[in-house]
Amino acid sequence: MIEQLISWTTAYSFWPLVIMGLSFGVALLVFLIAEERVWLRSSVNIAAALIKLVLVLALMPSLLQGHTYEFGWTLVPGLTILLKIDGLAMLFLVLSVFLWLLTTLYAIGYLEGGVNRARFFGFFNLCVSATTGVAMAGNLFTFIIFYELLTLATWPLVVHRGTEKALQAGRVYLLYTLGGGLVLLTAAIGLHLLVGTQAFVVGGYLNDYWAANPDMAPILFGLGLVFIAGLGVKAALFPFHGWLPTAMVAPAPVSSLLHAVAVVKAGAFGLARFVYEIYGIYVFSDLYLHWVLLGMASFTIVYGSVRALFQQDIKKRLAFSTVSQVSYVALGLALAGPIGAIGGLIHIVHQGFMKITLFMAAGNYAETLGVHKIKELNGVGRVMPLTTLAFTIGALGMIGLPPLAGFITKWYLGLGAWESGFYWVIGVLVISSLLNAAYFLPTIYRAWFLPPPTQWPHRQVLSQRFETHLLLLVPPLVTTVMIIVLGVWAGHLATPLGWVSALVASEFE
Amino acid sequence: MNEIAIYLITGSVLFCLGLWGVVMREHLLHKILGVNIMGSAAFMLFLAFAARAEPADAVPHALVLTGIVVAISAMALALALMKRVAKESEQHQATLEDSQ
Amino acid sequence: MTVLLPGLVLLPLIAGGFAALFRQQGRWITLATGLGMLVMLVLLSIDAWGVGQYQGLWTLGGWERPLAIAWYLDDLAHLMLLLVGLVSLAIMAYAWFDTETSDHFWGLWLGGWGAMNALLLSSDLFNIYVTIELLGLVAVALVALSTKAGAAAAAMRYLIISLTGSMFFLLGVALIYGQYGRLDLIGLAEVVEHNWVTHLAWSIMLLGLLAKTAAWPLHGWLPLAHGRAPTAASALLSALVIKASFYLMWRFGVGPFAALSNELIAMLLALLGTMAIFWGSWRAWKTPLLKELIAWSTVAQIGYLLIGLAILFNPQSILTVSEQFNPSLLLFWLIAAHALTKAGLFLVAGNLILLTHSYQLKDQLAVLCNSPLTLWTLGLGSVALAGLPLTLGFIGKWWLIESSVALGQFWLLAPLILGGVFTLAYMGRLLQPAFEQRLLCQYAPKQSDGRPAECISERQLAWPLLAVPFILVLSVWVLALFPLYPWGATL
């Protein structure tokens, strides 16, 4: 049966276009569905998310056999839109389509009765389309197109609430991300001058150029810095992280999917493409660019954690935690060794699951009880035990408690630091874990063990039988289970870890 | 040739004079007349060039005739517009002071 | 083709005359003419595409050269003919449903269309002078159709600039005739030499054409004229009329006067273009008026075209790589992108003004907030205007970027890239408040007598008024996927 599937999928090369176009088409459809036809819109959304998930999963067996899918469209000579599904793309694709399905369910529950839902879900789908485009981009030009599209399509979601505060946050968001996009474009033009715009290739396409032109080191180094800056904005590397905490005014589904998965991961994923498939890990480390990235990532990890410690707002604390955690990916790349690389790439998936759980739980608190501040969380575990359980597991995963997913990341990063001889990075990891514990454990303690207040800030009865709306409850529970599964069965071949290990093996050949 | 040079120089001077009128004078009628003078200067150059050949080149005459027709239509539009500007302006002045 | 080329000029000119005489029937005459023009454009494309350069001679009254009318058709002229035709038709379709369209409009623009086609096809400097003068007069008359306060003054300012520009052009033509005794572009290309008279003539002509194109710093008239003209007129002027003089600079600069181009003039044009982008964007950012914002954006966008011109004029540019396709023709897509987008945006602005009866930007926001299709048109238009990838403008910009880099003019990357960001910034003034929830109809306060709140939205307009700008803007996105289609996608 698997053979049949493989022979069927490999017979066509248009799958990347189908996967990208599916959510694009759905976006257009959703924009056209009248505001009040909630059921139709929800069914279309869920059906599309399911179809996309099935499609992506159906392509996996053939990818395991080493097949890749490419779809190219030449605009003018030297300017090609290239969509490609390879191992690295698949990692990001699976993550985004799976979490998209969950977040769609969550968003339907979250926005029930709100205004402008057609617009929200339209742009939501557009974002997913852009995210899959980023994942499947086969060259720098295509990557930038979808990278910018992602910026433009998320902005309406950030300002969705339409308050002065939301619009202000939207301005900051645009300023940072468009600025970053511009810097990236500049870098891309620079690289285009040197070697043309080539397709991403395992091992990078700069090796030959570097071998032939060793005197270009300063230029390549400078260009590398520009790339890191351009991608670092979305990846929220210090000092380009300012937009992320501000963008937290967005509705919870936006914060969870976009800011935990799509946008920051687009940056982190772009860094991975840049390090492995543009420069190539050897050119990258020959130029000592990994030192730069390592320094930035380490600083951001500690800085984000320290800032998170002092936040009183739940979502703000989670946002700074994201700033810190996403840099683990950059850290893994910067270690420039295969084991560290596994830790970094796997964290793209692990952080996605953990952070989306936390954000959904925070959204549940806000929707059900009106709780927004840390100090309002007292005793929340007695009213909303399942949500709090999800929050707890997510937080423990972030701290890196074995056998949860976060532990796997930190284990590989630690081993990778040892392997590459950056012993001080282990210190960074330890400090970061302690800080994570310092800002998560008291919160968990508060939620379970302190007495609840007599009056919640703004309590709504969303369900008669469950602690909150069913659509708000199920998605975080699913991701919670995933956090445990990804940790406990990490060694199994069919997990992301197995996938990433195979990927890294090819990049370091 | 000398005679023609006089025409050429006069034409050039006229053109500058017209341009000066367009740029420096405020009243719209002056500006319109300035444009007219610029046109006449160009026509004069055409004719002077025509006179260099023996017998005189006929083509520039045809061109200038066409040009005059075009210039007349332009003037008609310009004058009509000027009247409207004057009518609509507060002091009934045909200037462009108020429009910036 | 011998019938089609004069037909494309004569049909609209004659029909325009009739439409001016029988004003009540103007729109019907226009409808018939528009259909006829469409048929002719299709026939021309079937007939003439791929034949390369076509030269024709129309011996009116038996007069041979140089008094006969000479036609010249190449890829660029052909594409421009199509662009002018399609945008004209779209705008006329809009004007048909616009309740404020004046009866005079039909005859005027039919005449303008004929003049524009004649300008595109002429291959004789003096004929070109006549056509550009005619087009200028039509344009001024279109502005003057507006009954808005200040429209007459704006039209007057435009007329004076336009006429002065024409006179410069005419003077240049006279000098060329004096020097070479001929005015046909093809022949001139063979005889033009380096001498001070030719340089002077070309500079004077260039100056006149730059003024007519509203190149910085000769742009002062444009925001007034385009900002105060009636809706359809603004769209036509911004989309097409200013492109006519630009087209001439392109044609002359790579044609008869190619030998005269030097790096100084290229540098100068690049500087003017850069200034136009910065200054136009800045003013668009500051202006309180809706249509002036769009008009200032035109000033900025002309900057891109000027930079394109600078590259064309740089003697070191390598303009031809293969026989079938000249990459500099990608610059045409920049013209087309701006024409289509700007026509769409001016029509949207016209819709808003029809609804609110206000020219102030701030009065439009509540309507925008409740008008999804309008908002989409504006949004797609803004991104297209910014020339982001996947839009047609990007194709043109890409050629600019690649060429300026190839010429070593790295500093040009700054205006080229920043210009897009500026565009998003000033268009954001319209887009961003549309997300303010307090402006939504369901939040509007009830009227004093308790009736539901008065809520203005696009639903009050006839649907073609919404559809035409949307289609115009959308076409910029669709065309962007097939930029090489005219030359066969295999290149």
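Residue numbers start from 1 in every chain, and the chains themselves are labelled A, B, ... in the order their sequence lines are given, proteins ahead of strands.
- The aromatic rings of A/Phe124 and A/Phe121 lie perpendicular to each other, with more than 60° between the two planes, well past the 30° mark.
- Figure legend: A/Lys84 and A/Phe200 shown without cation-pi pairing, the cationic atom not lying both under 6.0 angstrom from the six-membered ring centre and within 45 degrees of its axis.
- Of the two parts of A/Ile81, only the side chain, counted from C-beta on, holds a non-hydrogen atom closer than 4.5 Å to a non-hydrogen atom of chain C.
- Atoms CE and CH2, from C/Met80 and C/Trp250 in turn, are 8.5 Å apart once rounded to the nearest 0.5 Å.
- Proximity to chain A is absent for every atom of C/Ala425, based on heavy atoms less than 4.5 angstrom apart.
- With contacts defined as side-chain heavy-atom distances shorter than 4.5 Å, the pair A/Thr246/A/Tyr173 does not qualify.
- In terms of heavy-atom pairs under 4.5 Å with chain A, the best-connected choice from C/Leu481, C/Leu413, C/Leu424 is C/Leu481.
- In this structure, chain C has heavy atoms under 4.5 Å from both the backbone and the side chain of A/Leu167.
- Of the listed residues (A/Leu193, A/Leu75, A/Leu152), the greatest number of heavy-atom pairs within a distance under 4.5 Å of chain C belongs to A/Leu75.
- Heavy-atom neighbours of C/Trp463 CH2 from other residues, nucleotides or ligands within 6.0 Å: at or below the threshold of 12.
- A salt bridge links A/Glu164 and A/Arg171; the closest N-O separation between the charged side-chain nitrogens and carboxylate oxygens is under 4.0 Å.
- Proximity to chain A is limited to the side chain of C/Ile401, based on heavy atoms less than 4.5 angstrom apart.
- At a 4.5 Å heavy-atom cutoff, A/Leu174 makes no contact with chain C through either its backbone or its side chain.
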